[in-house]
K.L.:
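What follows is a structure written as structure tokens; I'll ask about it next.
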Amino acid sequence: MAAQETVDHKYVYDFSEGNKDLKDLLGGKGANLAEMTNLGLPVPPGFTITTEACQAYLATGREPDGLAGQIEAHLESLERAMGKRLGDPGDPLLVSVRSGARFSMPGMMETVLNVGLNDQSVVGLSAQAGGNDRFAWDSYRRLIQMFGKTVCEVPGEEFEHALDQIKSAKGTHDDLDLDADDLRGLVDAYKKIFLKHTGREFPQQPREQLDLAIRAVFESWNAERAVLYRRQERIPADLGTAVNVVTMVFGNLGPDSGTGVAFTRDPASGAQGIYGDYLANAQGEDVVAGIRNTVPLQELGQLDRASYDELLGIMARLEEHYKDLCDIEFTIERGKLWMLQTRVGKRTAAAAFVIAGQLVDEGLIDLDEALHRVNGAQLAQLMFPRFQLDHEFQPVATGIGASPGAASGTVVFTSARAVELAAEGRSVILVRRETNPDDLNGMIAAKGILTSRGGKTSHAAVVARGMGKTCVSGADEIDVNVPAKRFTVAGQTVQEGDVVSIDGTTGKVYLGEVPVMPSEVVQYFEGSLDPEHIDNALVRAVHRIMTHADGKRRLAVRTNADTGADAARARRFGAEGIGLCRTEHMFLGDRRELVERLILARAPGEREAALAALLPLQRADFEEIFREMDGLPVTVRLIDPPLHEFLPPLEQLAVNVAVAQERGEDVAKEEALLAAVRRMHEENPMLGLRGVRLGLVIPGLFAMQVRAIAEAAVSCARDGGVAKPEIMVPLVGAVQELETVRAEAEKIIAEVVGDSGVEVLIGTMIEVPRAALTAGQIAEAAQFFSFGTNDLTQMGWGFSRDDVEGAFFWRYLELGIFGISPFESIDRDGVGRLVRIAAEEGRAARPGLKLGVCGEHGGDPDSVHFFHEVGLDYVSCSPFRVPVARLEAGRAVVETGGSDSR
Ligand code: ADP
Ligand code: MG
Ligand code: MG
């Protein structure tokens with residue numbers, strides 16, 4: 001036997017054998033039960049069956065060899081330790097059989113309590129409890145109920161119905177009013193339900209109960225709701241769950257017993273002090289199930305001072321040991337405290353920062369660790385506008401916070417209506433059961449999107465996040481009736497035209513218009529809250545951790561800004577320059593007319609006249625931006641989009657021409673425009689005449705922009721400022737393109753700059769795959785590279801961004817082709833590889849080549865880590881993402897074990 005055991009793979013661990021770092025093998029619950037056992041805390045003895053056993057069972061449909069024997073051996077030693085045998089008729093050992101995976105999946109899998117009770121041992125249990133029949137029969141009926149539901153798929157309502165019947169026969173709502181006879185009767189009723197649904201009697205063999213329960217926990221890994229939850233939370237499907245077999249302790253033995261849950265700090269605000277609920281005379285499930293009203297944990301102090309004090313001591317000990325907020329489950333059995341679970345607790349974004357700051361103050365962790373424990377997604381959440389909820393607003397429904405933000409607006413039920421009302425300047429909330437690609441226009445027009453079905457990867461959620469639009473999905477309390485243009489919720493009817501407010505962070509839905517305000521964290525970044533002088537734990541913690549991140553990070557953070565106002569805001573948010581200043585907006589508004597003249601120019605001199613008129617306007621734009629970014633680099637991208645985008649759409653021109661003709665007006669100009677639009681029409685504008693190609697085809701266009709940039713820089717220098725322009729040529733695929741543009745630009749720069757001391761760099765975007773693959777050649781002509789990862793993703797994958805996200809990305813996410821849109825977070829393997837190649841080959845050809853990124857990925861946490869690893873010099877992102885990028889750039893250093901190199 002002993003020889004056999006050494007050959008067997010080890011599938012079962014006693015609590016004394018494991019520890020908290022074995023979560024992969026023992027699951028979170030098992031690993032932490034072992035850890036607490038080894039800390040000497042009062043944990044009921046037990047053992048854990050590993051996730052490997054579960055994986056083997058799920059792969060083959062049967063228990064792996066050796067498992068049965070190991071369970072037997074561990075059960076025997078548990079029986080020896082407790083001095084009782086499982087289900088013994090005179091003095092039964094009872095156990096719970098509990099699921100527990102690597103990642104906590106609250107409520108997704110099953111637990112069976114009181115395993116080992118049967119018609120005989122229920123009598124023994126009562127005798128052992130001093131003749132407490134009520135307790136014994138209550139435990140037995142719970143076993144049949146949980147076992148029936150979990151192991152044999154008996155519908156839970158049947159049991160609840162039987163319980164309700166007995167209660168109403170007694171004229172009570174409280175299960176504490178049921179006496180032993182009532183509960184004995186309930187056991188009979190439950191057994192009949194069991195027989196009816198399974199075709200067999202409730203199993204009386206304790207070991208059979210145990211084996212079936214273990215198997216059911218294995219199988220609960222693949223229950224539909226668990227599969228859905230994993231998909232939403234991106235938990236791998238093949239991890240499996242561990243199974244914990246734990247000696248039962250009883251909170252339902254009378255008023256001196258009870259059960260509770262607690263947090264070592266407030267998981268919502270992070271405030272110090274314990275938070276919890278306690279329920280006397282109850283078994284574990286009752287607390288969460290809300291069967292009876294719990295009392296605040298502090299009241300336990302009056303009920304049972306000794307247990308309360310012991311509990312507080314243990315909680316302090318756990319915090320010190322885990323160096324973090326812990327949540328716990330405990331039970332008191334006749335004045336004796338037992339710990340049933342602990343883990344590092346989930347918390348809100350605000351609490352994450354506050355707690356990290358507190359733990360540093362308490363000397364439990366250092367600032368590097370504090371930085372590691374918060375993240376950019378949490379910081380981004382703290383920067384969204386807030387509903388001002390200090391008024392009378394109560395949520396009417398709660399769904400999934402699918403895309404953060406706070407949005408109020410008029411309810412509409414169709415895409416068409418959303419577009420109509422938005423065109424009138426109204427804010428609308430598009431409400432649907434679920435959205436589909438036909439809703440895209442409505443989603444674009446809406447301020448927010450609310451659906452009653454679907455999770456974090458539903459069409460609505462994915463598209464909304466892609467558009468940065470507030471979305472609450474899966475608010476299933478809402479009953480949407482699209483044909484009738486209304487929805488009902490909490491007994492109220494909301495018609496088209498009524499106003500609702502949705503919070504895409506919390507998933508809460510409110511009736512009426514809830515006022516919004518900028519978050520405190522934004523006020524801090526804007527400089528209107530001074531962290532040293534206000535009593536706000538969150539702002540102080542954010543300040544402290546951001547300061548540390550800034551000291552650690554190697555990546556610089558710039559911003560994408562096209563106006564002086566954006567540049568100023570980004571600078572307050574910590575931007576260290578502009579990584580992308582797009583020039584195309586400078587051709588809009590009342591300047592369109594000049595662009596039209598430029599495009600239509602036929603006679604010699606017409607084009608030059610249009611460009612000459614644009615020059616001073618552009619120069620003024622750049623001056624404003626250079627002033628705001630005084631002393632910091634500003635990368636200006638030469639005009640990128642196809643010029644026909646600046647002309648009116650074809651259909652509109654055609655109508656104008658027809659109408660004017662009808663009226664007998666002069667249509668020469670309209671006709672010329674129409675002809676130009678027809679001539680310039682492209683099947684694939686993204687791949688057409690744009691970027692550097694414009695500069696090569698339209699004489700004088702780039703030259704005018706280069707001149708405007710250089711003149712603006714010189715003018716700033718003359719006023720005592722320091723402008724550091726970096727001229728960026730878009731869409732280069734071959735070094736020859738860049739060389740041609742550069743030769744002309746250098747001449748102009750030399751002429752304008754003279755001896756003013758202004759230095760102008762010339763570089764290129766790397767956004768065409770060919771550019772990445774010939775980066776060595778291109779670097780010969782470029783003083784810097786800036787990765788345009790939007791286009792690089794678009795051309796790397798062959799995805800037309802504007803079309804694909806709404807059309808089919810939801811399906812790709814569902815199939816797991818990618819876990820997140822490659823436009824949201826960089827595709828490390830493909831697009832990322834292009835970045836890596838270009839960075840390496842570019843630097844090999846030109847040591848010290850300045851490398852940055854200006855796609856939207858520059859503000860995405862995971863992408864920032866990637867850009868750090870690849871060794872770029874800076875990332876650039878929209879002003880609001882600048883703090884996120886600063887934080888993540890610091891975290892990237894801490895997590896790769898790097899040193900301060902700044
Ligand atoms: P979940 O993961 O859903 O919280 P648990 O396995 O923790 O499920 O168990 C459900 C409830 O039963 C919890 O309240 C837990 O404290 C309680 N419980 C589990 N095992 C025991 C036990 N051996 N004795 C007493 N209560 C238990
Ligand atoms: Mg639990
Ligand atoms: Mg581009």
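Just so you know, ligand 1 is whichever comes first in the structure, and atom 1 is the first atom listed for that ligand. Note that these values count all heavy atoms, side chains included, but never hydrogens, waters or copies made by symmetry. Here, residue 1 is the first one in the sequence, and each next residue gets the next number.
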K.L.:
Side chain to side chain donor-acceptor pair (under 3.5 Å), that's the test. Do D133 and S126 meet it? Break it down for me.
P.N.:
CA-CA 5 Å; D133 273 353; S126 166; 2.4 Å; yes
K.L.:
Over 60° means perpendicular and under 30° means parallel, so tell me whether F194 and F202 are parallel, tilted or perpendicular.
P.N.:
perpendicular
K.L.:
Side chain, backbone, both or neither: which applies to Q283 and ligand 1 if a contact is any heavy-atom pair less than 4.0 Å apart?
P.N.:
neither
K.L.:
For ligand 1, find out whether one of its N or O atoms is nearer than 3.5 Å to an N or O atom of S99.
P.N.:
no
K.L.:
Quiz question: by atom type and distance under 3.5 Å, do the side chains of N114 and Q283 form a donor-acceptor pair?
P.N.:
yes
K.L.:
Does only the side chain of L340 get under 4.0 Å from ligand 1, or the backbone, or both, or neither? Count heavy atoms.
P.N.:
side chain
K.L.:
Of all the atoms in ligand 1, which lie at a distance below 4.0 Å from a heavy atom belonging to V249?
P.N.:
24 (N), 25 (C)
K.L.:
Answer with side chain, backbone, both or neither: which part of T247 has a heavy atom less than 4.0 angstrom from an atom of ligand 1?
P.N.:
backbone
K.L.:
Which is closest to atom 17 (C) of ligand 1 in terms of heavy atoms, S104, G27, A101, G284?
P.N.:
G284
K.L.:
Is it true that R215 and D211 have a side-chain N and a carboxylate O under 4.0 angstrom from each other?
P.N.:
no
K.L.:
Classify the ring geometry between F250 and F135 as parallel (under 30°), tilted (30 to 60°) or perpendicular (over 60°).
P.N.:
perpendicular
K.L.:
Just jot down the ligand 1 atoms closer than 4.0 angstrom to any heavy atom of E329, in number order.
P.N.:
4 (O), 7 (O), 13 (C), 14 (O), 15 (C), 16 (O)
K.L.:
If I consider every N, O or S atom in E329, which one ends up closest to the Mg ion (ligand 2)? I only need its name.
P.N.:
OE2
K.L.:
Could you tell me whether T111 approaches ligand 1 through its side chain, its backbone, both or neither, with non-hydrogen atoms closer than 4.0 Å?
P.N.:
side chain
K.L.:
Please report whether ligand 1 has a polar contact with T331, defined as an N or O pair separated by less than 3.5 Å (distance criterion only).
P.N.:
no
K.L.:
Within a distance under 4.0 Å of any heavy atom of L113, pick out the atoms of ligand 1 and give their elements.
P.N.:
12 (O), 18 (N), 19 (C), 20 (N), 21 (C), 27 (C)
K.L.:
Using 4.0 Å as the upper bound for N to carboxylate O, is an ion pair formed by R102 and D24?
P.N.:
yes
K.L.:
Is the shortest side-chain N to carboxylate O distance from E369 to K323 below 4.0 Å?
P.N.:
no
K.L.:
With a 4.0 Å cut-off, would you call D177 and K170 a salt bridge?
P.N.:
no
K.L.:
With respect to the Mg ion (ligand 2), please indicate if Q341 possesses an N, O or S atom at a distance under 2.8 Å.
P.N.:
yes
